[in-house]
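Below is one structure; the comments refer to it alone.
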Amino acid sequence: MTELKWWQKAVFYQIYPRSFADGNGDGVGDFYGMIDRLDYLQDLGIDALWLSPHYPSPQYDCGYDVADYIAVNPEYGTLADFKRFLEGAHRRGIRVILDLVLNHTSDQHPWFIESRSSRDNPKRDWYIWRDGKDGGPPNNWYSGFGGSAWEYDPTTDQYYYHYFFKQQPDLNWRNPEVKQAMWDAVRFWLDLGVDGFRLDAVGTIFEDPALRDHTARLSQLELYHALRAASSEEDLARLIEERKAMFRYQVEQPEVHELMQELRAVIDEYPDRMLVGETGEIAYYGDGHNELHLAFNFPLMKTERLTPAWVRANQQERLSALPPGAWPCNTLGNHDSPRVYSRYGDGQNDDALARLHLALMLTLRGTPFLYNGEEIGMTDLELADISQFRDNVGVWVYHTAINELGLPPAEALAYANRFGRDKCRTPIQWANAPNGGFSPAGVQTWLPVNPNYAQGVNVADQLDDPDSLLNFYRRMLRVRKQTPALIAGDYTVLHEDAEDYLAFLRSDEADGQTCLVVLNMSDRAHTLSFDLDAHRARLVFSSHTRRGDGDDLSQLQIAPFEVYIGEIEGGA
Ligand code: GLC
């Protein structure tokens with residue numbers, strides 16, 4: 001195969017530690033559980049893990065409020081447990097990357113506790129402190145999570161800045177000591193052998209130094225109102241622009257790219273490590289070699305229906321915009337977004353569509369990221385009562401809906417379920433057993449378990465069923481690994497106007513392999529004719545039973561919802 005780095009060939013799998021596996025039976029996931037499940041992950045066929053934050057944290061934002069960058073959350077285990085996990089993963093050929101939250105710390109981090117203690121504390125300038133203006137905050141900025149971005153602190157009579165919750169004060173990255181402390185933490189984990197980092201919220205790291213007021217015309221609440229009422233794509237597009245104007249001085253400041261170059265240099269002190277950014281912005285690839293190795297293709301996810309036309313337009317735009325040498329990275333779900341099965345299903349053909357969506361991830365050019373639980377078709381769980389919410393975004397939305405928008409509680413709850421993120425974070429369903437086999441019977445899990453574990457949405461039942469979604473994942477992951485063109489190949493779109501299906505070639509010159517991929521996203525059968533130099537394809541994979549193992553490319557029969565991969569005989 002063309003010489004590629006491990007992270008270009010790998011399929012990543014995101015572990016959300018609180019919900020992945022509960023090894024000590026206390027209702028919360030932990031490293032004991034993760035260690036026990038390494039064999040499962042190896043058999044599944046993934047190559048690398050992204051671990052959402054595993055650091056000590058008051059959990060105001062489910063671990064994205066870090067209170068110590070060089071330790072392990074005691075609920076999850078000890079540093080020794082972490083090392084056992086890392087070794088166990090590496091022994092199985094699985095790499096591990098960690099989540100690195102650079103923008104902010106927890107307000108319980110000793111750095112912030114010191115910083116807020118007095119105006120002349122040596123760590124004062126590690127965060128962003130400003131005097132108020134006209135009896136209020138320093139400017140009109142909002143927090144991305146809602147409300148003002150400034151919190152008044154009576155001890156020192158100043159405000160501090162927080163892009164996210166006030167429990168997550170922003171670090172001042174213009175202070176070289178902050179960089180030093182954070183790069184030390186980075187080296188701590190690299191020295192232990194971790195393979196890289198997923199960088200949280202990179203776009204928010206710097207703010208406009210002059211703290212200029214934003215000039216959006218709507219208030220944040222008016223914007224929420226308008227978003228609720230938006231009935232057309234045009235309305236929505238206009239409101240998204242308005243939101244951009246609201247945050248223009250708080251995100252994507254040019255200095256972030258210098259910082260990423262610095263971090264890249266730190267990473268490059270170690271062989272074979274990588275960075276992936278929580279950003280859809282191509283600018284973070286730098287010149288293709290000097291910033292992040294990967295940035296997520298988030299634009300692909302920004303739709304409610306993954307139609308062939310949508311995917312083609314996305315690929316056309318994304319692939320042509322990447323700088324030379326940059327490698328794409330695709331995903332459809334993570335701990336901040338609805339579950340793939342729920343979001344992109346149509347309510348009737350969900351299982352077939354889930355298979356197509358996996359196939360899409362594994363056959364498009366680039367590194368795929370999967371999210372734990374999607375392999376068994378876990379669905380969003382709507383919570384029945386606000387007391388069950390653990391994501392404070394949901395809680396905030398609920399109270400704001402009632403207090404500021406005047407909505408009745410039932411509607412506020414629906415709103416909280418829609419915008420809150422708990423729905424995709426429920427415990428992994430390991431078996432048809434109490435608590436879905438996540439925790440022992442009678443234990444209260446940190447979020448409710450989705451009761452559909454009893455209807456076949458669980459690992460144990462699906463392992464036993466050759467036709468299950470889980471076994472489909474396992475098969476397709478193997479096929480990808482054995483098919484160089486699917487990993488290294490170029491992407492060439494075919495039948496550009498097809499409404500029902502996606503057809504493209506993946507062609508790897510170095511290996512002389514070309515594959516034809518057809519993903520029929522419709523319930524209609526098609527007989528397709530491809531005008532290629534070669535006339536026949538050898539079957540590599542199909543989601544359906546096909547007769548024979550060769551196909552005539554001038555009359556290729558594709559069943560409704562079929563995933564078809566054929567190797568073109570003699571190249572295209
Ligand atoms: C990122 C995380 C999200 C978190 C936020 C603040 O977007 O993915 O879960 O709430 O950053 O850290």
Side-chain angles (χ1 to χ4, degrees), residues 12-20 29 49-69 73 97-109 112 127-128 142-147 149 151 160-171 173 182 185 197-207 243 247 250-252 256 275-281 284 292 294-298 301-302 329 331-339 369-373 380 389-397 416 419-426 446-447:
F12 280 76
Y13 179 98
Q14 179 188 357
I15 287 189
Y16 196 66
R18 283 191 103 57
S19 287
F20 185 64
L49 297 170
W50 150 29
L51 209 58
S52 274
H54 66 289
Y55 315 97
S57 160
Q59 302 291 332
Y60 196 82
D61 188 18
C62 291
Y64 285 91
D65 46 334
V66 177
D68 183 349
Y69 284 86
N73 176 4
I97 68 167
L98 303 181
D99 219 308
L100 186 63
V101 187
L102 297 172
N103 176 66
H104 50 271
T105 68
S106 160
D107 63 348
Q108 302 305 308
H109 195 297
F112 187 69
Y127 294 83
I128 299 167
Y142 290 111
S143 148
F145 278 168
E151 180 67 11
Y160 67 85
Y161 174 74
H162 55 94
Y163 183 84
F164 295 98
F165 289 118
K166 65 177 188 218
Q167 289 80 358
Q168 297 166 292
D170 272 47
L171 284 161
W173 278 91
M182 204 60 97
F197 297 95
R198 174 264 188 191
L199 305 181
D200 187 64
V202 279
T204 63
I205 291 177
F206 286 96
E207 302 73 38
R243 192 177 187 280
F247 290 103
Q250 296 170 258
V251 299
E252 304 307 342
V256 71
L275 297 170
V276 53
E278 188 209 3
T279 175
E281 300 290 328
Y284 287 88
L292 309 188
L294 297 174
F296 290 108
N297 175 10
F298 285 143
M301 295 172 69
K302 299 215 162 101
C329 175
T331 188
L332 292 176
N334 57 46
H335 66 293
D336 292 329
S337 60
R339 281 209 169 264
F369 274 68
L370 311 178
Y371 177 54
N372 59 191
D380 285 343
F389 280 68
R390 294 293 169 269
D391 176 16
N392 280 307
V393 170
V395 176
W396 185 88
V397 165
F419 290 105
R421 301 164 296 176
D422 286 318
K423 59 177 178 282
C424 66
R425 298 175 175 179
T426 59
W446 81 282
L447 270 176

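As the structure lists them, so they are numbered: ligands from 1, and atoms in each ligand from 1. These numbers come from the heavy atoms of this one structure, side chains and all, not from hydrogens, waters or symmetry mates.
Distance alone, capped at 3.5 Å, is enough to place a donor-acceptor pair between the T331 side chain and the F369 backbone. A donor-acceptor pair is defined here as one N or O able to donate and one able to accept, closer than 3.5 Å; such a pair exists between the side chain of N392 and the backbone of Y60. No donor-acceptor pair under 3.5 Å is formed between the side chain of W50 and the backbone N or O of R198.
The six-membered or imidazole ring of Y64 lies away from that of F164, with a centre-to-centre distance of 6.0 Å or more. Taking the six-membered ring for Trp, H109 and Y69 have ring centres closer than 6.0 Å.
Residue contact check for ligand 1: F145 places a non-hydrogen atom closer than 4.0 Å to it.
Counting only heavy atoms of the protein, atom 2 (C) of ligand 1 lies nearest to D200 OD1, 3.0 Å. Considering only non-hydrogen protein atoms, atom 9 (O) of ligand 1 sits nearest to D336 OD1, 2.7 Å. Regarding atom 7 (O) of ligand 1, its nearest protein heavy-atom neighbour is E278 OE2, 2.8 Å. In terms of protein heavy-atom proximity, atom 4 (C) of ligand 1 is nearest to D61 OD2, 3.2 Å.
Annotation for ligand 1: atoms under 4.0 Å from non-hydrogen atoms of R425 are 9 (O). Ligand 1 places these atoms under 4.0 Å from at least one heavy atom of R421: 3 (C), 4 (C), 9 (O), 10 (O). In the vicinity of H335, heavy-atom distances shorter than 4.0 Å reach the ligand 1 atoms 2 (C), 3 (C), 8 (O), 9 (O). Heavy-atom contacts of F164 reach the following atoms of ligand 1: 5 (C), 6 (C) (cutoff under 4.0 Å). Listed by atom number, the atoms of ligand 1 under 4.0 Å from H104 heavy atoms are 6 (C), 12 (O).
Contacts between Y64 and ligand 1 below 4.0 angstrom, taking non-hydrogen atoms only, involve backbone and side chain alike.
Distance CD1/I205 to CD/Q250: 14.5 Å, rounded to 0.5 Å.
In terms of heavy atoms, I128 sits closest to L171 at CD1-O, 3.7 Å.
Using a 4.5 Å cut-off on side-chain heavy atoms (C-beta onward), F20 and Y13 make contact.
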